Each structure stands twice: as structure tokens, then as C-alpha cells.
Amino acid sequence: MRQLNSILTKLIRNRAGKAKMVMAMVALSAALLLLLISVQLQVNYHQLLNQPNGRDSIADFLVINKQLNDGSMSNTTIADAQVKQLAQQLFVDAVGVLTPSRFKASIESKSSSFPFYTDISFESVGADFIDIPGVEWTWQEQSDYIPIIVPNQFLDFYNFQFSFSQNLPQLSPAILKMLVFKVNIYGPKGAISLNGKIVGFSDRIAALLVPEEFMQWGNKVFASGEKGAVSRVIIKTKDPTNPALSSFLKRNQLTTDNQKMRFSKYRKLVDTVIAISGITGILLLVFALLIFTLMIQLTISSAQSEIVLLVTLGASPKQLSRFLMRQFFPPNVWVIVGSTVVVGILQFLLQQVLSSQQIMLSAWLSAYTVGTALLLGVLVWWVNKISIRKYIG
Amino acid sequence: MANMFQLQNIIPQTLRDRPSMMHSGIWGKLVQLNPSECIKITAPSGTGKTTLIHFLYGLRNDYTGHILYQQQSLAQLSGEAIAVWRQQEYSIVFQDLRLFPQLSARENIELNRVLQNPYCLPAAVEEMADELGITHIMQQPVHQCSYGEQQRIAIIRALVQPFNWLLMDEPFSHLDQANTSKAIALIERACKKRNAGMLVTNLDDDCFFNYTSTYHL
């Protein structure tokens with residue numbers, strides 16, 4: 001086979017020229033890079049939007065409450081029917097109820113060297129809606145401490161305003177997470193003190209969050225009055241810019257965090273960029289495949305007399321097709337493997353950069369990206385095969 | 001019978017109006033070419049010797065009637081099937097040689113040797129080249145060889161593959177008496193080794209081989 005290929009190589013040279021070959025390779029590389037990057041970025045977005053507990057900065061979680069104006073004051077309850085209706089909307093992936101504490105509470109330092117005291121209130125939410133990975137988001141009466149999640153804004157407020165005005169030291173998140181402080185709860189039968197500990201900082205919900213189990217216990221034991229009504233809910237949505245969402249909120253006199261909605265408009269922009277990149281990739285791929293087809297046609301037509309004599313002497317069309325595939329396809333394989341490796345390296349670097357910003361992504365290429373590379377490989381192989389068969393035939 | 005050619009009323013389209021068709025021993029007749037036969041086709045120029053060789057080799061189908069080999073019609077074979085036959089069933093020495101001018105003598109021969117599972121070893125090729133006196137031009141591009149040398153290259157090329165029939169179209173036209181004798185001895189040995197038949201065309205009567213049948217076109 002080696003001897004036959006060596007003689008055939010002398011007879012059927014690639015007459016298309018190196019320039020055309022390089023051009024086709026560059027076009028194919030660019031096409032593959034754009035397509036694979038588009039697929040990988042889509043997978044990355046999907047991963048960020050759908051991971052249940054990942055600390056990501058772009059997931060679309062919106063806290064919804066009633067519009068507060070002169071007419072709606074003291075009437076900001078979201079009815080259970082309205083919560084159910086919200087959950088049934090197509091643009092809503094999940095709904096969680098934010099339960100406020102209905103008892104008085106305060107926190108105070110256990111250390112005399114760093115004294116502090118403040119009245120406080122809590123809110124609770126289900127574990128699916130928190131974005132602190134690795135935290136056991138539960139509480140029992142026997143627990144050593146109440147886990148608390150603090151908004152990053154609170155920490156910034158303390159470090160960059162309050163500490164200066166009160167001549168207090170600045171505190172890093174790590175130091176704050178080491179502190180155990182007293183949580184005092186006041187009820188009709190008196191007050192009790194429990195331990196509290198900050199387990200994480202979040203941008204998602206602007207409230208001091210505690211586990212639902214603690215809130216149910218606290219409200220049951222210490223709350224005065226009847227069961228509290230729901231006034232805030234959190235929803236998970238794929239697309240906060242969906243017009244159906246904003247019209248639903250408007251229709252039901254609800255409102256949400258406009259800042260997050262603005263951020264998600266940037267995501268829409270990125271989606272568009274990815275789509276453009278994908279379309280450009282497809283156009284480049286078509287261009288590259290066209291050049292390959294022309295190169296094959298040119299090579300075969302310029303070696304027409306040699307091919308005719310080879311067939312006359314007994315070379316089979318299959319033998320010649322196999323030889324031509326060996327001439328044209330392996331460079332394509334190298335381009336596909338090379339492009340996949342480059343996208344893999346880019347993904348690894350992206351993961352490194354984003355993990356320093358607490359955005360957790362896989363360091364590896366997704367199965368979809370590798371599958372796309374394989375599919376493109378099959379497509380290029382098929383186009384080569386069809387072109388050769390057409391012109392050899 | 002297995003490796004038998006059957007010619008059933010073959011009339012070439014290009015020759016059908018010629019008066020010589022009426023007196024041909026092949027055209028328009030039922031002819032059977034049996035395995036291992038040594039057949040001579042003789043005729044003056046322009047009466048279709050090369051045409052007949054091309055019909056039998058499956059290069060042309062512009063005739064009426066049928067040519068059967070192994071009970072199959074040559075005209076209806078696929079490209080793949082005819083390639084298998086050309087690699088395994090019959091070999092040919094063309095009148096116009098049909099060598100690749102850009103390849104060396106050795107590469108031209110080697111190509112036919114390795115198109116299928118090689119029938120003979122490279123050493124056998126060297127022995128044949130030595131026997132026909134072309135060892136010194138084996139590395140030379142064919143276009144630099146004389147026509148006589150090219151004819152000997154074409155003969156060796158035909159003998160390095162397996163075959164049951166050897167078709168030769170005026171194979172010694174440019175060889176002197178001594179080289180013709182050497183080529184005849186080589187061809188006879190190769191055919192005997194394979195128990196193959198041969199069909200030779202020539203302009204005149206000759207005694208190159210011990211012919212078992214002679215046909216006049």
C-alpha cells in the first residue's frame with residue numbers, strides 16, 4: 001500500500017497550489033474556532049444560569065414585591081393565588097417565598113474587645129435559592145449556631161462608611177466568618193440568646209438570610225399575631241428581559257430589581273454576539289468547504305490523463321478515492337484537533353480568570369463542544385468523500 | 001467454462017459498413033476462446049485488431065453483440081468489477097504501450113505489481129529486466145527511453161501481475177530478432193506458470209508462439 005501510494009503521489013499531485021491550501025486551512029480553522037467557541041460559551045451560560053447552588057454573578061434571580069406607593073402602603077401582601085399564578089408562567093423556572101421574621105431580634109458581640117450591638121431582622125429562603133456553595137443551609141434547636149448569609153452591600157456599608165464614623169476596625173469577609181456573636185430574640189414570654197455565625201456573603205437577596213427551619217421556629221415561638229402573609233418572593237428565570245415578565249409584573253402591580261434587569265440586557269447583547277459569531281463561523285465553514293471542493297476538482301481534472309491510464313491499467317475507483325482521501329482529509333483532521341485544543345485552552349484560561357471572581361465554570365470543554373467538533377469532522381469528511389466520488393466517477 | 005471468452009456476433013460500430021466484415025473470422029461470428037489457448041489474430045492495418053483487444057479488455061463498448069467472460073457480459077460490468085478483472089484475470093500489452101512518461105521504468109512496472117496483492121517479488125522484476133536487457137534504464141524516466149526499451153518495459157509490466165489471459169497487441173513491433181526471442185521465452189514461461197491463455201495480434205504471419213488457433217479479421 002505504501003509503495004502504491006508513493007507512486008500515486010507522483011502521478012496525482014495536489015495541483016491546487018500551496019496558497020489555496022493555506023487559505024482553505026485558515027478559513028476552516030477560523031470557522032471551527034468561531035463555531036466551537038459559540039457552542040462552548042452557550043454551554044457556559046447555561047451552566048451559570050442553571051447550577052442550583054453555584055456562586056455566579058449572572059444568574060437571573062429576581063426578588064419581587066408589590067409596588068409601594070401612597071395607595072398600597074400597608075397592603076403589600078402577595079396572595080397565595082398570585083404566587084401560584086407566578087409559578088405557572090413559562091418565563092419562571094422556580095419560585096421561592098421570602099419569609100420575614102415577625103419577632104424582634106438583636107445581635108451583639110460576645111467579645112469586650114470588639115463590642116457591637118444592633119437591632120436586626122431576618123428573612124428566610126429555601127436552600128435552592130442561595131448562592132453560597134458548600135454551606136449546610138439548615139438549622140435545628142440543638143444546632144451550635146444559626147447560619148446567616150449577609151448581603152455584600154451590608155459589608156461594604158460597614159467597611160467603607162460605618163467603621164469610619166464609629167472609629168471601628170475594618171473587617172474582611174474571612175474575619176467576619178470566624179466571629180460567633182449573640183442573637184437575641186424577644187417574645188411575649190421573654191428573651192433568649194442563641195449563637196449566630198456568618199456563613200457567606202451574597203449579592204442575590206438584600207436581606208440577612210437564615211434557614212427556613214429557624215424562621216418557622218422563631219415565628220412560631222416568638223411572633224405575636226397571626227401567621228404572616230407573603231410580601232416578597234424570589235423567582236428564577238432564564239430571561240429577565242422577556243416582555244411577558246415585565247408585562248406580568250406591571251399587570252399585577254409588582255416590581256423587582258431593575259439593576260438586575262439592566263444587567264441581563266448585557267447578557268442579551270452577549271447572546272447576540274455569540275449568535276453572530278456562530279453565523280460567521282457557519283459562513284466561513286461553507287467558504288472553506290467550497291475551496292476544498294474546488295481544490296479536489298482542480299487536482300483531479302489536472303491529473304485526468306493519469307487517472308484515466310490508472311483506471312485502464314486496473315486501478316479501481318475505490319483505490320483512487322481512498323488515495324485522494326488520504327491526500328486531502330488528514331490536514332482537515334489536524335485543523336479540527338488543533339481548533340478543539342485551542343478552544344480547550346481558552347476555556348481553561350477563562351475558568352482561571354472567572355474563578356478569581358467567584359464565577360464557577362468547568363475548566364474542561366463541554367461534551368456538546370467536543371460533539372460539535374466530531375460532527376464538523378464528519379461533515380468535512382463527507383464533503384471530501386462526495387467531491388472525490390463525483391469527480392472520480 | 002470458467003475463464004473462457006465468448007464472442008457472440010460482435011460488430012464494431014466503427015467498422016460495420018466495411019466490406020471486409022463479410023469475410024472476417026471474428027466479426028459477426030460465434031467464437032469461443034478457451035482457457036490456456038494460444039491464439040493469434042492476424043489482419044492488415046485498419047481491420048480492427050486493436051479494437052478487438054480493447055473490446056476484450058473492456059476498454060470500449062461500441063459494438064453490437066455480446067462478449068462474455070466467465071459467463072458475464074463485459075459491457076454490463078461496473079467500474080469496480082472491471083478493475084478486479086484487470087488486476088486478477090487478464091493482463092495486457094498495448095500497441096501504444098501506455099506507460100507513464102514521468103515515472104521511471106521501475107515505477108511503471110512496480111505500479112502494476114502493487115495495484116493488487118503482489119504476485120511476484122521485486123527480485124523477480126529485476127530478473128526479468130536483466131533477461132530483457134533493460135536493467136541499466138530501470139531508474140530512468142520512461143520518456144528518455146527508446147521505443148524498443150519502452151516496449152520491453154510494457155511487456156515486463158504485463159507479466160508482474162496475476163492473470164488468466166494475456167492480451168498483446170503487436171507486442172514486438174519495435175524489437176529486433178534477439179530481443180524478440182528473449183521476450184517470447186519470458187512470456188511463454190509466465191503464461192505456463194499461470195496456465196494462462198494468450199491472444200496476440202500481428203500484421204503478418206509469424207511463428208512467435210506455438211499457436212493453438214489463428215483467426216483472420
Side-chain angles (χ1 to χ4, degrees), chain A residues 1-18 20-21 293 295-330 381-393, chain B residues 50 53-54 56-60 77-122 125 141-142 153-154 156-163 165 167 169:
Chain A
M1 185 58 80
R2 196 170 53 82
Q3 293 142 307
L4 178 62
N5 282 342
S6 139
I7 296 171
L8 291 180
T9 306
K10 287 186 177 180
L11 291 172
I12 310 172
R13 288 179 194 281
N14 184 345
R15 313 276 171 110
K18 278 187 180 167
K20 280 196 188 68
M21 191 73 179
T293 309
M295 277 167 55
I296 290 168
Q297 186 185 359
L298 192 61
T299 300
I300 292 174
S301 60
S302 61
Q304 195 64 42
S305 59
E306 285 85 356
I307 289 172
V308 167
L309 184 48
L310 280 166
V311 171
T312 300
L313 293 174
S316 72
K318 266 187 192 162
Q319 274 177 314
L320 295 176
S321 299
R322 216 162 31 227
F323 167 76
L324 286 166
M325 276 303 276
R326 284 209 179 122
Q327 295 289 100
F328 287 103
F329 190 58
W381 174 85
W382 182 75
V383 169
N384 277 241
K385 185 104 182 156
I386 292 292
S387 306
I388 288 170
R389 190 186 292 171
K390 183 179 170 191
Y391 296 116
I392 283 288
Chain B
T50 300
I53 291 279
H54 287 186
L56 293 175
Y57 192 65
L59 270 187
R60 287 171 56 181
L77 283 181
S78 68
E80 287 297 326
I82 202 93
V84 171
W85 277 10
R86 286 174 187 169
Q87 290 179 12
Q88 303 291 338
E89 289 298 322
Y90 34 72
S91 190
I92 190 165
V93 179
F94 289 105
Q95 187 184 32
D96 55 358
L97 306 181
R98 303 202 182 190
L99 298 166
F100 290 104
Q102 68 271 46
L103 296 183
S104 69
R106 181 173 281 110
E107 286 167 336
N108 267 283
I109 296 166
E110 187 68 4
L111 174 66
N112 218 33
R113 193 180 76 85
V114 297
L115 259 184
Q116 60 285 307
N117 280 336
Y119 176 80
C120 61
L121 296 170
V125 176
V142 160
I153 296 166
I156 296 174
R157 180 179 70 178
L159 299 182
V160 294
Q161 67 165 93
F163 59 82
W165 277 95
L167 310 175
D169 193 3

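Within every chain, numbering begins at 1; the chains are lettered A, B, ... in the order of the sequence lines, protein sequences first and strands thereafter. Basis for what follows: all heavy atoms, side chains included, without hydrogens, waters or symmetry-related copies. Keep in mind that this is a model prediction, so the values were computed, not measured.
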Asks: For the atom pair CD1 (A:Ile7) and CG (B:Asn108), what is the distance rounded to the nearest 0.5 Å?
Replies: 8.5 Å
Asks: Specify the closest pair of heavy atoms between A:Leu4 and B:Leu115, including all atoms of both residues, with the distance to one decimal.
Replies: CD1-CD2, 3.9 Å
Asks: Step through the shown structure and confirm whether more than 12 heavy atoms of other residues, nucleotides or ligands are within 6.0 Å of CG on B:Asn117.
Replies: no
Asks: Need one label for B:Leu103: side chain, backbone, both or neither, based on atoms under 4.5 Å from any heavy atom in chain A.
Replies: side chain
Asks: List the atom of B:Leu99, the atom of A:Leu309, and the distance in Å for their closest heavy-atom pair.
Replies: O-CD2, 3.9 Å
Asks: Identify the two heavy atoms, one from A:Ser316 and one from B:Glu80, that lie closest to each other, and give their separation to 0.1 Å.
Replies: CB-OE1, 3.4 Å
Asks: In terms of heavy-atom pairs under 4.5 Å, which option from B:Arg157, B:Gln88, B:Arg113, B:Gln161 contacts chain A the most?
Replies: B:Arg157
Asks: Nearest 0.5 Å, please: how far is OG1 in A:Thr312 from CD1 in B:Ile92?
Replies: 9.0 Å
Asks: For A:Leu11 and B:Phe100, which heavy atoms make the closest approach, and how far apart are they?
Replies: CD2-CD2, 3.5 Å
Asks: Identify the two heavy atoms, one from B:Glu110 and one from A:Gln3, that lie closest to each other, and give their separation to 0.1 Å.
Replies: OE2-NE2, 3.4 Å
Asks: Less than 4.5 Å apart, any side-chain heavy atom of B:Arg86 and any of A:Val311?
Replies: yes
